[in-house]
Every structure is written in C-alpha cells, then in structure tokens.
Amino acid sequence: MAKIPIPIPALVDRFGPHLNTEPPGGWTTAGEPDRVVKTHCCFCGQQCGIQLKVKDNQVIGFEPWEDFPFNRGKLCPKGVKRYLQGAHPDRLMDPLERVDGEGFVPTTWDNALDRTASEIRRIQQQYGPDAFAMLSGASLTNEKAYLMGKFARVAVRSANIDYNGRLCMVSAAAASKKIFGVDRAANPWEDILHAKVILVAGANVAECAPITTHYLWEARERGAKIIVLDPRMTPVGRTADLYIPVRSGGDIGIFNGMLQVMIERGWIDRAFISGHTTGWEKVEETVRRYTPEFAAKIAGVPAEMIIKAAEMWGPAATSFLLHARGIEHHSKGVDNCMAAIQLVLATGRIGRAGCGYAMITGQGNGQGGREQGQKADQLPGARDIENPEHRAHIARVWGVEEPSIPRKGLSNYEIIHAIHEGKIKGLLSICCNPMISLPDSAYVRAALEKLEFYAVVDFFLSESARHADIVLPGSLMEEDEGTTTNVEGRVIHHKKAVDPPGNARVDWQIICDLARRLGSDKFEYRSPREIFDELRRASQGGVADYFGITWERIDREYGVSWPCPAPDHPGTPRLYQNGRFFHADGKAHFHPIEWRPAAEEPDAEYPIVLTTGRVVSHFLSGNQTRRIAGLMKQEPEPFCEIHPRLAGTLGVAEGDFVKVESRRGAVTVKARVVKTIRPDTVFIPYHWPSDRAANRCTIGALDPISKIPEYKICAVRVMKTARPVDALAMLSPAAGGVE
Ligand SMILES: Nc1nc2c(c(=O)[nH]1)N[C@H]1C(S)=C(S)[C@@H](COP(=O)(O)OP(=O)(O)OC[C@H]3O[C@@H](n4cnc5c(=O)[nH]c(N)nc54)[C@H](O)[C@@H]3O)O[C@H]1N2
Ligand SMILES: Nc1nc2c(c(=O)[nH]1)N[C@H]1C(S)=C(S)[C@@H](COP(=O)(O)OP(=O)(O)OC[C@H]3O[C@@H](n4cnc5c(=O)[nH]c(N)nc54)[C@H](O)[C@@H]3O)O[C@H]1N2
Ligand code: SF4
Ligand SMILES: [Mo]
C-alpha cells in the first residue's frame, strides 16, 4: 500500500525548515568556552581543520586552527556556520514511529530497534535475504562506513548495500582503477603549487572546494597558467588564462583533440610511455581522427581553443590535472575521466612535485567512504567482494565462514529499480537523502512509497525520512569520534566535542545495537577506536592499507596518508614516485576512448541542456545547510542561470519565474540572467526540496561501469511563468508537492 509521506508545516518546507530561528550570537548566549576542540569540518572533502568552542555540552562557536597544514585556518561559509546545527530546534531527540492517521509519534529506543530488527527478519523470511537493502553515506567516518559494510554482510546478511558516493566519486574511482590500479588522488595538494599549467575540468573550485582556490592562486603567483573547462564561467574560470565553455557532455572532444595536437607536435613522452605504460598504440590510433575541427564539433567550442589548450598543456615543464563532477556525472563519466587522465599519462608528468592529478573528492569522507567496504561490490581495504583471497582475508578478520559473506549487490539507483520491480521490500538508510539527491524524484518517491518497511538514521528529519516507518535519531560529527580520509588521501581525526542531545544516540551504537538484535555477536565494540583497530587489520594487505595508521600518529603528524602498511611506515602522500603503478605489471594502462552522446540530448521538443550542481553556501541535499540562517540568507532559494540571448528569445527577464520542464518533471524557479553560461544551457543548483528540486527534471541514466547518474545533462524546455502559487497549495498531497 502506498504510504503518504508525513508533511511538516508548509512554510518551513518551502523555504527550508526553521528559517529564522537563529538568535543574534548563535543558539546559545555565547560566553567563554570551557574548552576548544581541535577537529575538522563536517562538510566537504577538504576536511578543513577547525577548533570548536564548547561550553556546557554545547558547541557555541569556532576558532581557526592555524596549524593544520591543509587549510591553515582558512574556512568557507559552511565551515564557519556548521556549529549552529548542534542545538538547532529541529534536532531529532527521540526515535519516531509512523502511526496511521497520526503521523510520527515519539517512541522508545527498545521499540524502535526491536521493530526495525523484526521487520528486517520478516521481510527476509518472506522474500529472501536480499529483499532488505541498505543505503549508507560518505559523510560517515571510516569507522561507521566500515561498520555499515560489516553490518550488511554479517548481521543482516544481505548483498544489497550501497552508498551515496555512488552519486559522487565512482566514475573518477573506476577510471583511476582502470588506468592506475588504485583509486586515490595521486598527489598531495602541496604539489599543485609547483605546477606550471593547471587544467581544471568540470570543477567549480571556488564554490565547491573553496580552500583549493587558494592553492590555485598561489600556484599562479608562482607562474602557473590555468585552463578551465566548464559550460559555465565559474569564479575561477573568470580569471583563468584560458576558459573553454565546453558543451555539457563534450569533454572527450577537448581531451582527445588536445592529445591529437600534442601527438602532431611531438609533445608526447615516448620514453615514459614505453617504460611505464601499456596500450598507447590503440589510443594514438583512436585520437588521430580527433582533429581540432572534428573535436570542436563534439565540444561545441572553436577549434582554436583546443589548439590553444594543447599548446599550453603539451610542452609545459610541470602540470596538474584537477577534475570533479562536471566530467564525472555522465553516462560516459568513466570514459570522460580516462580521457582526461591520459593527457597526464601521455606527458609522463606524474609522481613528482608539480606533476600529477587529482579527482576533487566531494563528500567529507568521500575518499575513506569508498574504501571501507560499504560499496555494493567491495570489502574493506578497497578489496573486491568477488575475489576469493579478499573474501578469505575479511572472513578471518570478521570471524565468519567465507561463504556466508554475500556476493556483489545492487548499486544505489539499481536498488531503487529493484524496489519498483518488487525485489526489494525493505530499506534502512543512514546518512543519505535519496528523495532530494537521486535523479527523477517522482520515480524515487514512488519507490520509497512502495517499501513495506523503511528505517532512517539521521539527526534532522530529511525529506526521505518523511517516508519512513521508523526514524532513529543519530549523531553529528562533533558528537562522536572517528577518522575520515580527506581529498588528498590523508587520514585525519575527528574529536568528540559534545554528547548528542536528548535521546539521540551516536550512529555506531545504533548500528551495533541493531546487529545484536539481529542475533550477531560480532559487534561488541566499546568505542570507535576498537572499530578503527579492526578496520586497520581488515585493510591490511589491501590496496587502501591503513594498518600502520593509529589515532595517536594522526594527532602527532596532522594526518597520515594511505597506503601505510606498518606503524613505522611514513605513509604515502604522493603515489607513483618510483614510476610504478598499482597494476600487477607495475604499469599504467591506457584505454582508447571514443566520444558518445548523452542518454538524452536536446531535440525539437526539449531543446535546451539542463545541467545541475551547487552553490557555495549549501551542502548536497541541503538537509543541514537549509537549517542555518546565515547560509539561507546567502542563497535562500534555487535559481535558473540563463544566458541573455536565450532569455531574450524566451521573453524572460532577470527575476522572472521560469518553468523548467523535462520529460520527467518540472520545477519553477527564479531566472538569473547571466552572461557566464552557454546560451544553449541552463543551470539549477539542486539543494532544495519539493517543487524546487532540480532532480524532478534529471534523468536516471547511469554510466554502464560506475553506475553514476547523468546529473550533468538532460533535455528541457524553459518558459516564463507566473510566481508560484501559495506554498500551502504546493504542499497538499493532491498537488503532489509533499516529499
Ligand atoms: N558549496 C558546496 N561545496 C561542495 C558540495 C556542496 O554541495 N556545496 N558538495 C561536495 C560534493 S559531495 C561534491 S561531489 C563536490 C562537487 O564539486 P564540483 O564538481 O566542482 O561541483 P558541481 O557544481 O557539481 O559541478 C561542477 C561544474 O561542472 C560543470 N559542468 C556541468 N556539465 C559539465 C560538462 O559536461 N563538462 C564540464 N567540463 N563541466 C561541466 C558545472 O557548470 C559546474 O560548474 O563539491 C563538494 N563541495
Ligand atoms: N541534480 C543533482 N543531483 C545530485 C548531484 C548533482 O550535482 N546534481 N550531486 C550528487 C552528489 S555528488 C552527491 S555526493 C549526492 C549527495 O547525496 P545525499 O545522500 O542526499 O547527501 P546528503 O545531503 O549529505 O545526505 C546526507 C543525509 O544524511 C544526514 N547526515 C549527514 N551526516 C550524517 C552523519 O554523520 N550521520 C547520520 N546519521 N546522518 C548524517 C544529513 O542530515 C542528510 O539528511 O547528491 C547527488 N545528487
Ligand atoms: S571548504 Fe569544505 S571542509 Fe573547508 S570549511 Fe568549507 S565545507 Fe568545510
Ligand atoms: Mo558528491
């Protein structure tokens, strides 16, 4: 039976919950802190060092942490405001149970956990072990990510666990694994400073990796030239030496075109290629066709720009490639990344200061979260769940029989398909908000409504949680202890500052308690440190080897970079220094890449490209940042960036409302008429819910290898429309507006 999501007061929903509740000076009347805690920001993959001021079990403010080398005290607006979440009036204080006709009713932990455990077993007995699935998150610490993978395989015994990094890092990960045999940024950020040319492909660095902007500026001070590839002239694009307004989905044209020019002009390091790589001949043969003129058609830019880019990149003494979701969120995301990385490999400029590449990891623990075994196809240490030796090692660490570990499961969006197909009947999600963040929201909502049982662990009632049967109040980063692995592969330590409020509990205890109720005795940890110590052993000998890393070392050394196989090993900030890559043959592997169109290209009916992304003041599904008044003030609602020429043909002026409509759904948002976007493309940031959720329009097409959704391109039509009707009408279930 379809379950109606439980609404919360209308105005709160429309503009973000509790917009105006921040009293002057923060949630508590500030005063002298009892202590300051050196820890890290909970938001993006930069994982900036920060000091939290604590008074009476409450975080009352922050101070910069100048000594932490990555950010040297610098913070972006989200880092500055993050402390305001802890005592927020929306915090979930008790477990909630859905009661027909009444909505959510507070309940006891015993009841909430017993009911969750019994529903898991009921569903598995009725429909098979894999009919219960789990979705986890890469904002969780390494300890919790590890725990979730083990919980799924040992306590629940379902193959179907995946995580929200599937929406984020998997194209970059797959490409890196194919080429280098390992999935991690190749260099520490320090190395960026020594590059003479920096190519930024599909990354809005200033808004999404704000601290990295500083590295770019400093490199430029030292003479670096910057090339930016983006359909929108981002803040970094505005001051770049070469800005290429690539058509969304056209990047392979740029990369292959540049390589073609570099081959013609002799800017290829053939000695490096023959000594350290395989597969070059096929690449050379493939890119021969990608003359600047041919490539320019694919990329939607003048051929001269491709030649100019090759002239800057090809002969440079040192170079650095940075890419992010702009090239990864595609049904050819893996191919896009491989084509980009091959520009690095063809010049042999890797494994040295100033020479390298990095995917800019997005989520707070986007790096560690993709190593500890919460992926559908993975065991801890970035091991392969189908590999018999890997399975045997993990079975020993877990103290279980190897055959009892399930095999590869379904990826994130495939779980949504399987719910529609009736194969998955129950779901537990922690640290993810699929209702906002997965593509084609109507399809996702229908799936959540179809579930027989849905449990959510979160600290705020998310849009997804409103579809739940049981909501379990979990913990913020500062309420628990553990490690994350930052954008550079540096493992760092988050300290506990305060206890969770009310009856909320720390996440890891919730999961261990559930495991016990499911009859497992393998979750008897007394602290997250014990989980970390088990994780170290589980990762030992794996690609992502944490064995030599301890919390004490992290504190002493400002983080330790993996692989770190022994306590006396210094860690590995820079990979490939010795010219050896992680494949068994020690070589890097080239792959010939051909461009192919997106799943849905614009046509006569839907003539405009929609691309989606972020703004500096909000984070992901917005469940956290839409609750922080200072950030809401900066960017209260989503908007549609539209070029003056397109706006002109549509009769749209700045501030008008436009309806942006795809084959799947529509949103109504304010137009922002800007010259910084291609005239054939519009852009909407995706951090908002209900009638303003960009994912109402996006398409559920996936990359065949990484299974990442194609968030960066779908076809829409845009029309001027009236200011939206009253929020209350929007929110009535009849209007389909409650999510
Ligand atoms: N403020 C803020 N910071 C964040 C986050 C956040 O939500 N808010 N989230 C974090 C996370 S999880 C992530 S994944 C990162 C994301 O970081 P980014 O990937 O930098 O951010 P996006 O806005 O998703 O997309 C980046 C750019 O890709 C461009 N783009 C779109 N299509 C294409 C294309 O086909 N080719 C190219 N070359 N470019 C294209 C867009 O115009 C956009 O400027 O940010 C992290 N940091
Ligand atoms: N259209 C479009 N859609 C996108 C993207 C895009 O560019 N365009 N980007 C995609 C990308 S890159 C990403 S990473 C995904 C993000 O996808 P989501 O899964 O939606 O990410 P979050 O918003 O971080 O959701 C995390 C949820 O968990 C909660 N949470 C955060 N930390 C913790 C914790 O430590 N413990 C617990 N228990 N809960 C926690 C938050 O309150 C929030 O409700 O969105 C994807 N969706
Ligand atoms: S750059 Fe990222 S980690 Fe640093 S303060 Fe901003 S959101 Fe936090
Ligand atoms: Mo992400």
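All values below were derived from every heavy atom in this structure, side-chain atoms included, with hydrogens, water molecules and symmetry-related copies excluded. In each ligand, atom 1 is the first atom listed, and ligand 1 is the first ligand listed.
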Is there a nitrogen or oxygen of [X] sitting under 3.5 Å from a nitrogen or oxygen of ligand 2?
X: Asp507; result: yes
X: Arg325; result: no
X: Tyr686; result: yes

Q. Which part of Ser475 is near ligand 2, with near meaning a heavy atom under 4.0 Å away: side chain, backbone, both or neither?
A.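 Under 4.0 Å from ligand 2, Ser475 contributes backbone atoms alone.
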Q.
Residue-level breakdown please: for Asn433 versus ligand 2, do any non-hydrogen atoms fall below 4.0 Å on the side chain, on the backbone, on both, or on neither?
A.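 Near ligand 2, Asn433 shows its backbone as well as its side chain.
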Heavy atoms only: which of [options] lies closest to [atom]?
atom: atom 40 (C) of ligand 2; options: Tyr711, Phe459, Phe43; value: Phe459
atom: atom 12 (S) of ligand 2; options: Arg614, Glu328, Met477; value: Arg614
atom: atom 1 (N) of ligand 2; options: Val457, Ile699, Asn695; value: Asn695
atom: atom 7 (O) of ligand 2; options: Lys712, His494, Lys144, Gln363; value: Lys712

Q: Check the pair Asp162 / Lys707 against salt bridge (Lys or Arg N to Asp or Glu O under 4.0 Å), numbers first and verdict last.
A: CA-CA 11 Å; Asp162 206 43; Lys707 307 287 162 72; over 6 Å; no
Under a 3.5 Å distance rule, please check whether [X] uses its side chain to pair with a backbone N or O of [Y] as donor and acceptor.
X: Asp183; Y: Ala174; result: no
X: Glu710; Y: Ser331; result: yes
X: Thr485; Y: Val491; result: no
X: Arg664; Y: Cys697; result: yes

**Q.** Exercise: do Asn142 and Thr483 side chains pair donor with acceptor under 3.5 Å
**A.**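 Short answer, yes.
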Does [X] reach the side chain of [Y], with side-chain heavy atoms less than 4.5 Å apart?
X: Val716; Y: Glu661; result: no
X: His214; Y: Trp217; result: no
X: Pro685; Y: Phe639; result: yes

Under 4.0 Å from any heavy atom of [X], which atoms of ligand 2 are there?
X: Ile430; value: 38 (N)
X: Gln624; value: 31 (C), 41 (C), 42 (O)
X: Asn164; value: 18 (P), 19 (O), 21 (O)
X: Leu140; value: 34 (C), 35 (O), 36 (N)
X: His329; value: 5 (C), 6 (C), 7 (O), 9 (N), 10 (C), 12 (S)
X: Cys168; value: 12 (S), 14 (S)
X: Leu620; value: 13 (C), 14 (S), 16 (C), 21 (O), 22 (P), 23 (O), 24 (O)
X: Ser462; value: 44 (O)

Run the numbers for me: atoms of ligand 3, each under 4.0 Å from some heavy atom of [X], listed by number.
X: Gln47; value: 3 (S)
X: Phe43; value: 7 (S)
X: Gly79; value: 5 (S)
X: Ile211; value: 1 (S)

Which protein non-hydrogen atom lies closest to [atom], naming both residue and atom, and how far is it?
atom: atom 10 (C) of ligand 2; answer: Leu167 O, 3.5 Å
atom: atom 2 (Fe) of ligand 3; answer: Cys44 SG, 2.3 Å
atom: atom 6 (Fe) of ligand 3; answer: Cys76 SG, 2.3 Å
atom: atom 39 (N) of ligand 2; answer: Cys431 CA, 3.6 Å
atom: atom 47 (N) of ligand 2; answer: Ser437 O, 2.8 Å
atom: atom 43 (C) of ligand 2; answer: Asp458 OD2, 3.5 Å
atom: atom 8 (N) of ligand 2; answer: Thr612 OG1, 2.9 Å
atom: atom 23 (O) of ligand 2; answer: Ser621 OG, 2.5 Å

Q.
Please report the interatomic distance CG(Leu135) to OG(Ser411), rounded to the nearest 0.5 Å.
A.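 Leu135 atom CG to Ser411 atom OG measures 10.0 Å (nearest 0.5 Å).
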Q: To the nearest 0.5 angstrom, please state how far the SG atom of Cys168 sits from the CG atom of Leu620.
A: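 Here the interatomic distance stands at 7.5 Å.
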**Q.** side-chain hydrogen bond (donor to acceptor under 3.5 Å, both in side chains), paired with Gln47, selected from His494, Gln363, His40
**A.**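 Single pass found, and it is His494.
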Q: Could you tell me whether Arg166 and Glu414 make a salt bridge, using a distance below 4.0 angstrom between a side-chain N and a carboxylate O?
A: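 No.
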Q: Check whether the ring centres of Tyr525 and Phe532 lie less than 6.0 Å apart, and answer yes or no.
A: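 Judged by ring-centre distance (under 6.0 Å), Tyr525 and Phe532 do not meet the cut-off.
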Q. Closer than 2.8 Å to atom 6 (Fe) of ligand 3, do we get an N, O or S atom from Cys41, backbone or side chain?
A.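 Short answer: no, not a single N, O or S atom is under the cut-off.
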(Q) Consider side chain to side chain contact (heavy atoms under 4.5 Å, CB included). Of Arg82, Glu63, Lys38, which one does Ile50 pass it with? (A)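 Per the side chain to side chain contact (heavy atoms under 4.5 Å, CB included) rule, the option paired with Ile50 is Arg82, out of Arg82, Glu63, Lys38.
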Q) In terms of ring plane angle, is the pair His88 and Phe460 parallel, tilted or perpendicular, where the classes change at 30° and 60°? A)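 Perpendicular.
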Q: Begin from the C-alpha positions of Glu218 and Lys74 and carry the test salt bridge (Lys or Arg N to Asp or Glu O under 4.0 Å) through to its verdict.
A: CA-CA 14 Å; Glu218 197 168 327; Lys74 289 183 283 298; over 6 Å; no
Q. Counting backbone and side-chain atoms alike, does Cys48 have an N/O/S atom under 2.8 Å from atom 4 (Fe) of ligand 3?
A.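 Under 2.8 Å: Cys48 contacts atom 4 (Fe) of ligand 3 through an N, O or S atom.
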Q | Pi-cation contact, Phe523 with Lys150 (under 6.0 Å, within 45°) | A |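 Geometry flag: set, cation within 6.0 Å and 45°.
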